[in-house]
Amino acid sequence: MLDTLGTLERTHSCGELREKNVGEKVVLMGWVAKKRDFGVLTFIDLRDRDGITQIVVSEETDLDAHEKAKAIRGEYVIAVKGEVFSRAEGTHNKKLATGDIEVHVHEVLILNDAKTLPFELEKAGSQNLASEDLRLKYRYLDLRRPRLQHNIRMRAKAVKEIRNYMDNLGFTEIETPILLKSTPEGARDFIVPSRIHTSKFFALPQSPQILKQICMISGLDKYYQIARCFRDEDLRADRQPEFTQLDVEMSFANQEMVYRVIEGMFTSVLRLIDVELPNPFPRMTYAEAMRRFGSDKPDLRFEMELQDLSETLKGTEFAPFASVLENKGEIKCIVVKGKADYSRKTLDELQEFVKRYGANALAWVKVADETTSSLLKVLGEEAISNIVSNVNAEKGDLILIVAGKKSVVAAALGALRIEVAKRENLIDRNAYKPLLVTEFPMFEYNDETGNYDAAHHPFTSPMDEDLEKFKTAIEDESQRHLLGEVRAKAYDAVINGYECAGGSIRIHQKSIQALNFKALGLSPEVARERFGFFLDALEYGTPPHGGFAAGIERTCMILCGTENIRDVMAFPKTASAQDLMMDSPGTVDDSQLKELGIKVVE
RNA sequence: GGAGUCAUAGUUCAGUUGGUUAGAACGCCAGCCUGUCACGUUGGAGGUCGCGGGUUCGAGCCCCGUUGACUCCGCCA
């Protein structure tokens with residue numbers, strides 16, 4: 001028979017009692033984390049959100065309470081009444097915050113029992129957690145782990161800090177609809193059928209982009225929102241189909257003003273973990289980031305920058321390299337300090353690794369008394385020694401070389417740089433290195449369609465310096481390739497290699513917007529069909545404006561020191577976008593479908 | 001859409017060259033135990049080796065397929 005709570009109230013949490021509370025009568029409630037039974041004496045580790053307190057029940061002094069304690073099992077929910085005692089000398093537990101005291105209990109209430117859990121929450125002395133699918137199925141149990149509880153609370157603190165910060169700067173929190181209209185470009189939409197308008201569909205927002213711009217046209221001036229966003233795309237360790245952004249837009253703003261808001265926001269949030277970010281953040285153009293790090297989101301916690309060998313190898317007779325250089329490709333490398341002793345097996349692994357990014361091969365030079373290289377036969381000793389001296393490699397270093405298309409070399413070496421840093425433990429876990437990446441390209445060439453797509457989104461403003469180029473490329477068909485050179489007023493904030501925020505200054509003049517649609521290959525009719533209301537709005541006095549969106553989960557991953565987005569979300573989905581606890585997505589009744597006018601085709 | 005890794009007791013894992021009755025630790029159940037906190041100790045229960053097919057005298061192990069989890073490429077304006 002279970003006990004009832006009645007009017008009993010907790011006096012303390014399980015994490016707060018200390019030496020100074022000795023002698024106090026207390027009531028604690030929580031879950032049984034562990035029971036240690038000594039026959040006439042029983043110890044219970046009682047856990048709640050705040051910590052663990054040791055409970056002692058003795059048969060000698062409290063026969064009834066002890067009888068009850070005997071029946072208690074793991075994860076039972078109990079309430080105890082007792083008195084705080086200082087622990088006897090030699091029995092203090094330094095591993096517990098409450099380890100200097102214990103509660104001697106004279107009354108035990110069993111508020112609820114519990115089945116044996118399908119997995120142990122945390123095995124003492126072991127890092128091994130139960131498999132992820134099991135923990136996701138029983139997410140409510142996994143969430144009992146102190147680590148996850150800490151992360152969830154850290155996330156709440158971060159969001160609260162962000163609200164304070166934005167509010168102090170005079171921004172207004174504005175909610176925008178979750179039921180919007182589908183637009184075909186960008187990510188795939190989640191669509192929602194309408195019962196009232198059979199055969200018509202809403203779409204969930206990929207982001208509130210257009211609506212926040214409309215807010216600027218409305219004169220709301222400074223908008224922000226902690227906005228849920230939905231994208232029906234494949235997942236990654238840092239990507240979920242629904243996620244949360246701090247979405248910000250401001251009027252009469254230039255890039256510098258937006259940068260200050262971004263810097264201040266991350267600075268105030270990182271202070272939650274006692275980290276002081278530099279002010280201002282270091283900056284790098286997109287071109288420089290790609291050149292030096294092979295990535296638009298470089299991790300600056302370690303060096304190992306990419307170095308260019310194209311000049312060194314100019315005129316080489318080695319056909320693969322010669323043809324790469326002829327076709328405007330690149331030959332670049334990274335120097336791995338002191339790793340000339342890498343085995344053939346390791347180098348093979350790394351070669352397989354870069355092949356994923358489209359590289360044909362990974363060449364290497366081991367600098368030693370007798371320098372060896374996979375290229376020795378084809379390039380000759382002199383060329384190898386030129387490479388060694390031009391990249392400032394020293395004895396004991398390993399040079400890893402990739403040749404190919406610029407984009408492939410950047411992707412392969414950029415990823416290899418991180419892979420090697422992880423293998424060699426070169427990343428300082430306590431370092432926090434922010435970076436503003438600026439001057440992103442306005443367009444990306446699409447190999448499949450032969451079109452230029454918006455690199456950021458179709459409302460991004462070109463840089464003033466590139467406006468002429470932009471216009472020429474659109475007006476003169478033969479100069480279309482210039483689109484690839486136009487830079488945008490677009491920027492990202494990167495911390496420790498994670499793209500934590502991104503944004504742009506928007507186009508606020510209708511004529512430029514029309515040109516941009518033309519550049520993107522959107523006919524006026526199609527543009528009107530998709531964005532007509534927005535184009536209309538642009539005509540009624542649109543202020544210059546811009547903003548950014550910051551990923552709440554990625555920011556929290558950094559705050560919590562985890563590399564997995566599921567660790568900072570209460571109810572995440574699996575890599576195949578399922579919820580194993582609710583078993584969603586699921587089917588719906590035929591009657592529901594009928595009402596919506598929808599037929600499922602098998 | 002593609003690739004890789006993994007799947008054996010409730011959990012985490014081991015399982016030799018394909019060969020008798022598939023093991024360990026933790027957890028669970030029962031007993032003993034007055035200072036534990038990874039309690040100790042005695043005993044016990046617990047297995048469709050993810051699923052389907054194949055090779056073989058014989059498959060946890062080899063082959064094919066499939067499902068799921070994770071990671072990556074593509075994708076993510």
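Source: prediction; values computed, not measured. Throughout, a chain's letter reflects where its sequence line sits, starting with A, and its residues are numbered from 1.
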If we take the C1' atom in both B:U55 and B:U11, what is their distance in whole Å?
-> 34 Å

Using a cut-off of less than 4.0 Å, is there contact between a side-chain N or O of A:Arg36 and OP1 or OP2 of B:C39?
-> yes

Closest listed nucleotide, where the reference is the side chain of A:Phe119 and the choices are B:C76, B:U11, B:C37 | B:U11

Consider the side chain of A:Arg73, meaning its heavy atoms from C-beta on, and name the nucleotide among B:G35, B:C75, B:C29 that approaches it most closely.
-> B:C29

C1' gap between B:C73 and B:U16, integer Å = 37 Å

Using a cut-off of 4.0 Å on non-hydrogen atoms, how would the nucleic acid contact of A:Ala130 be classed: base, sugar-phosphate, or nothing?
-> sugar-phosphate

Taking the P atom of each, how far is B:C76 from B:C64, in whole Å?
-> 34 Å

Which base, if any, makes a Watson-Crick or G-U wobble pair with B:A24, both distances under 3.5 Å?
-> B:U12

Given the P atoms of B:C26 and B:C70, what is the spacing between them in whole Å?
-> 30 Å

Under a 3.5 Å limit for both distances, which nucleotide forms a Watson-Crick or G-U wobble pair with B:G18, could you say?
-> none

Can A:Asp453 and A:Asn446 be counted as having a side-chain donor-acceptor contact under 3.5 angstrom?
-> yes

Classify the side-chain pair A:Gln54/A:Thr98 by whether it contains a donor and acceptor separated by less than 3.5 Å.
-> no

Nucleotide paired to B:A3 in any strand shown, Watson-Crick or G-U, under 3.5 Å | B:U71

Would you call A:Lys573 and A:Glu242 a salt bridge, using N to O less than 4.0 angstrom?
-> yes

Taking the same atom, C1', in B:A14 and in B:A30, what whole-Å distance lies between them?
-> 29 Å

Between B:G58 and B:U17, how far apart are the C1' atoms? Round to whole Å, please.
-> 15 Å

In the structure shown, which nucleotide is the Watson-Crick or G-U wobble counterpart of B:G58, with both distances under 3.5 Å?
-> none

A:Asp234 side chain: which of B:G35, B:C26, B:C75 is closest?
-> B:C75

So what does A:Pro458 touch, heavy atoms closer than 4.0 Å: a base, only the sugar-phosphate, or nothing?
-> base

Got a list of protein N/O to nucleotides 66-70 of chain B N/O distances below 3.5 Å?
from, atom 1, to, atom 2, distance (Å)
B:A69, OP1, A:Thr574, OG1, 3.0
B:A69, OP1, A:Ser576, OG, 3.0
B:A69, OP1, A:Gln578, OE1, 3.4
B:A69, OP2, A:Ser576, OG, 3.0
B:C70, OP1, A:Ala575, N, 3.2
B:C70, OP2, A:Ala575, N, 2.6
B:C70, O3', A:Arg566, NH2, 3.1

How would you label the contact of A:Ala455 with the nucleic acid (heavy atoms, under 4.0 Å): base, sugar-phosphate, or nothing?
-> sugar-phosphate

B:A9 and B:G46: how far apart are their P atoms, nearest whole angstrom?
-> 15 Å

Separation of B:C75 atom P from A:Gln206 atom CD, nearest Å, is 16 Å

NZ/NE/NH1/NH2 to OD/OE distance under 4.0 Å, A:Lys405 and A:Glu330 | no

Examine B:G27: is either OP1 or OP2 under 4.0 Å from a nitrogen or oxygen in the side chain of A:Lys34? Give yes or no.
-> yes

Counting any heavy atom closer than 4.0 Å, what does A:Asp453 reach on the DNA or RNA strands: base, sugar-phosphate only, or nothing?
-> nothing

Ring centroids of A:Phe43 and B:U36 base under 5.5 Å with planes under 30° | yes

Closest to the 5' end of RNA chain B, once A:Leu134 and A:Tyr357 are matched to their nearest nucleotides, is A:Leu134

Between B:C72, B:G35, B:C76, which nucleotide gets closest to the side-chain atoms of A:Arg356?
-> B:C72

Classify the ring geometry between A:Tyr357 and A:Phe353 as parallel (under 30°), tilted (30 to 60°) or perpendicular (over 60°).
-> tilted

Does A:Arg236 have a side-chain nitrogen or oxygen under 4.0 Å from the phosphate oxygens OP1 or OP2 of B:C73?
-> yes

Would you call A:Arg566 and A:Glu132 a salt bridge, using N to O less than 4.0 angstrom?
-> yes

Give one of base, sugar-phosphate or nothing for A:Arg188, where a contact means two heavy atoms less than 4.0 Å apart.
-> sugar-phosphate

Between A:Gly547 and A:Tyr491, what is the shortest heavy-atom contact and its length?
-> O-OH, 2.9 Å

Tell me which nucleotide among B:C72, B:A38, B:G27 gets nearest to the side chain of A:Glu120.
-> B:G27

Flag the pair A:Asp536 and A:Arg528 as a salt bridge only when some basic side-chain nitrogen lies within less than 4.0 angstrom of an acidic carboxylate oxygen.
-> yes

Considering heavy-atom distances to RNA chain B, does A:Ile210 or A:His104 have its closest nucleotide positioned more toward the 5' end?
-> A:His104

Is the shortest side-chain N to carboxylate O distance from A:Asp64 to A:Lys68 below 4.0 Å?
-> no

Indicate, with a heavy-atom threshold strictly under 4.0 Å, whether A:Glu89 touches base, sugar-phosphate, or nothing.
-> nothing

Using the C1' atoms only, state how far B:C49 lies from B:G15, rounded to an integer number of Å.
-> 11 Å

